Q: 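Let me give you the structure first, and then I'll get to my questions.
Just so it is clear: chains get the letters A, B, ... in the order the sequence lines come, proteins before strands, and each one is counted from 1. Note that the structure is a prediction, hence the values are computed from the model and not measured.
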Amino acid sequence: MASFSVIDSFKLSKKKFFRAPQWELKLAIRILIGFLVLYFLAAFLFLGIGIYFIVQKTVPDQNPVFFVNEFLIYYFGIELLIRYFVQNLPITDIKPLLVQPISKNKIVQGVMLRSLGSFFNWIPMVILVPFGIVYSLNEPTTYTLWIWVIGVLFISGINNFLVFFINKNRVVALSVFLLLLAGSFFQHVLGIPLLSFFGKGFNYLYLHPISIVVLLALFFGIVCAQYFFLKKQLYLDKGFSQKKERIVGSDLKIFDRAGILGLFIKNDIRLILRNVRARQVVFVGFLFLFYGIIFFSQKVYLESYVMLIFAGVFTTGGFMLSFGQLVPAWDSEYYSFLMCQNIPYRKYLESKLYLMMFSVVISMVLSLPYLYFGLKIMTIIIACAIFNFGMGSFITLYSGAFNATPVKLNVKAKAFENTQNFSLTQLLFTLPKIVLPVLVFYVPFRFFGFSAGILGLILTGLLGLLFRGFLLRAIEKTYQKRKYKTLSSFKKT
Amino acid sequence: MITVTDLSKKYGGTLVLQLPELNIPKGQRFGLVGNNGAGKTTFFSLILDLIESTSGRITINEIDVKSSEDWKPFTAAFIDESYLIGYLTVEEYYYFLGNLRGLSTKEIDTWVLNFESFFNGEILGKKKYLRDLSKGNQKKAGIVGSLIGSPDLVILDEPFANLDPSSQIRLKKLIENIAKNSEITFLISSHDLTHVTEVCDRIVLLENGTILKDIKTTSSTLKELESYFSLKE
């Protein structure tokens, strides 16, 4: 059999990248993201170096290793959850290889090895190895420390493969989350140290290095299981077949009364309910609701209104920003079909606009608990919501006209690879979406005080609503003008 | 129905289509044949205003497709699977199309019953998303979708490809029936010379973007086309 090595499999990935539409731009973004990853790695590195000293200072009578052990269960639990959401086996990429003279062992090895390169596998290494070095420089240690480090790293490795088993299995992911939540509830609220058992387990590993064989056995067990599992999946009716999906969201009769507009809204709701990528984006939008907590709970930020406006815009506009920036790319798979239907462009755009506006209202209602932080914070949130509702939504819709990278609807976006719909113009368009509200608040605020700033936000929102017709016409014209360009780049997938 | 004048399309200096003049009268079944790259899909995309012509113009019912959208209400097309909305069921897709064309949900329900034999029990009521149907069934669903709301002009790109033999024969009958009972103009491209000569009353042969033959279909048309394509070897 011809030799198809791991290197060949990397070469294929490389070609896939360089031959994608707008790859130059993507390269630039990759480099940017590369820096971001480096930044994170550096941050974790410093954390790794610093842990020893932090523990020395805060709890001098505790062994730093035991201290770290207490946190490991949280770390790995959360890691597993994040992996569940973003990590995917690149199994569809290898479909064309099946009928080539490449042994199945090689294909599976390639896939598994490539998954080990994941960012998540680097984090514990970058934290624990420097921690181990600092520790051994400062205290007399034996090999047991390094056995412990290696053991913990293997847990990350186990997670790496475990996630492919629980992939698509929501129950497992949910129970991990609930167990973790229940565990910390027992631990911190009821004072029953359930999670400490895990910490004790890791302590045991440190004190009795021989117990690493348990972890090694687990790791190799799961690697073997994964290997045979994947090998069995290399058939069209197994790993590549799509599960028959349950039909959801079929009953949407309430929108029938809204005429043509209702038709589009029905489609958009189904788009969100029935496609992985769309659900992912909506989930991200949902997470933005909690964005405010970071800012409103810190004294430092409460002094600076600029930060509070940022927080208000993101909290109430998370869905609008994340979903809206992909209009019209959401419909890229069948855009040419839409373009030759008996569809007024205006109605199409209006339905997207209403969806965004609706999401702002929902977000605002869901933000009501922020009242806990005081009336001032709530005023800011409501003013930002009005801004997003009346003005932000139009800007988002307008910017979409310049986003011509297609979206694959039923394919998950990967972590740090979500460059699929990233473009420089989009980046430029985030400026008015975020800077404008700060500006319309800050200028009146500077001269006439807080209420004037709030009024500035509200008036800008109302202005958008007042000139709704005019703005929509302008947006429609832009979409019309860019129609052929958009069509031709949506064709390239 | 369709008038083409001085139409040309260039991609980066290469001429891919040049049609100085072409008239397709109402009610005609117009067949388009030619090897890959002859310009068939380009021509269809130009009619549907999905790509911009380099020069010249196309009108449907006197409406310039580039400057007005008024041709859309009576024009329908099925070019490929990207003309389906993958995450809808067949029924939802038909309701969407039908409602756009002014039909009520009930009217659509009774209308699709006309196609039961063509569907062969494989399309309706399957509780499946369109993206999960086989290629052949997607094609069937799309072809019928293009007929919803009795448009005046129906454009089908390779309708016979991917269909099983029985469905191909049923599709021929279907088109003939519709043509007999209405004034619908069909534009059909195909690589299957037998089918296209049986279904269409006029055949235009494209090569490298220009019209090589423009034939009114007779019993000898198939032979003529076959001899042309075998000479190409």
Q: Taking 4.5 Å as the heavy-atom cut-off, does anything in residues 96-104 of chain B contact chain A, and if so which residues?
A: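 Those residues of residues 96-104 of chain B which have a heavy atom under 4.5 Å from chain A are B/F96, B/L97, B/N99, B/L100, B/R101.
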
Q: Within a 6.0 Å radius of atom CZ on A/F286, are there more than 12 heavy atoms belonging to other residues, nucleotides or ligands?
A: no

Q: Near A/F467 CZ, under 6.0 Å, is it more than 12 heavy atoms from other residues, nucleotides or ligands?
A: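 No.
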
Q: Return the set of residues passing side chain to side chain donor-acceptor pair (under 3.5 Å) with B/S146 (not counting sequence neighbours), or none when no residue passes.
A: none

Q: Within a 6.0 Å radius of atom CZ on B/F118, are there more than 12 heavy atoms belonging to other residues, nucleotides or ligands?
A: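 Buried by this count: over 12 neighbours within 6.0 Å.
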
Q: For the atom pair CZ (A/R270) and CG (B/L88), what is the distance rounded to the nearest 0.5 Å?
A: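 Reported to 0.5 Å precision, the distance equals 6.5 Å.
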
Q: Which bit of B/E69 comes within less than 4.5 Å of chain A, counting heavy atoms only: side chain, backbone, both or neither?
A: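 Just its side chain gets close to chain A.
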
Q: Dump the intermediate steps for side chain to side chain contact (heavy atoms under 4.5 Å, CB included) on B/Y95 and A/L263, then the final yes or no.
A: CA-CA 9 Å; B/Y95 294 152; A/L263 271 183; 5.9 Å; no

Q: Give the interface residues of residues 70-80 of chain B toward chain A, defined by a heavy-atom separation under 4.5 Å.
A: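 Within residues 70-80 of chain B, the residues under 4.5 Å from chain A are B/W71, B/K72, B/P73, B/T75, B/D80.
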
Q: What pairs with B/Q138 under side chain to side chain donor-acceptor pair (under 3.5 Å), at least two apart in sequence or on another chain?
A: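 None.
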
Q: For residues B/Y87 and A/L271, report the shortest heavy-atom separation together with the two atoms involved.
A: OH-CD1, 3.3 Å

Q: Working to the nearest 0.5 angstrom, can you tell me the gap between B/L130 CG and A/Y334 OH?
A: 11.5 Å

Q: For B/E92, does its backbone N or O pair with a side-chain atom of A/K266 as donor and acceptor, under 3.5 Å?
A: no

Q: Tell me, for A/E333 versus chain B, whether the close heavy atoms (under 4.5 Å) come from the side chain, the backbone, both or neither.
A: backbone

Q: Can A/K491 and B/I51 be said to form a side chain to side chain contact (heavy atoms under 4.5 Å, CB included), step by step?
A: CA-CA 12 Å; A/K491 282 263 172 209; B/I51 52 178; over 6 Å; no

Q: Report the C-alpha separation of A/F337 and B/Y93 in whole Å, then their side-chain angles, then the decisive distance to 0.1 Å, and conclude whether the ring pair (Phe, Tyr, Trp, His ring centres under 6.0 Å) test is met.
A: CA-CA 12 Å; A/F337 159 77; B/Y93 176 68; 5.7 Å; yes

Q: Considering only heavy atoms, which portion of A/I260 lies under 4.5 Å from any heavy atom of chain B: side chain, backbone, both, or neither?
A: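 Contact with chain B is through the side chain of A/I260 alone.
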
Q: Does B/K66 NZ have over 12 foreign heavy atoms under 6.0 Å away?
A: yes

Q: With a 4.5 angstrom heavy-atom cut-off, could you sort out which part of A/L273 is near chain B: side chain, backbone, both or neither?
A: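 Contact with chain B is absent: no heavy atom of A/L273 under 4.5 Å.
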
Q: Please identify, among A/N342, A/N275, A/D331, A/L338, the residue contributing the most non-hydrogen atom pairs under 4.5 Å to chain B.
A: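 When all of A/N342, A/N275, A/D331, A/L338 are compared, A/N342 has the most.
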
Q: Would you say that more than 12 heavy atoms from the other residues, nucleotides or ligands in this model lie under 6.0 Å from the NZ of A/K485, or not?
A: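 No, not enclosed.
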
Q: Could you tell me the separation between the CZ atom of A/R274 and the OG1 atom of B/T89, rounded to the nearest 0.5 Å?
A: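 The distance works out to 6.0 Å.
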
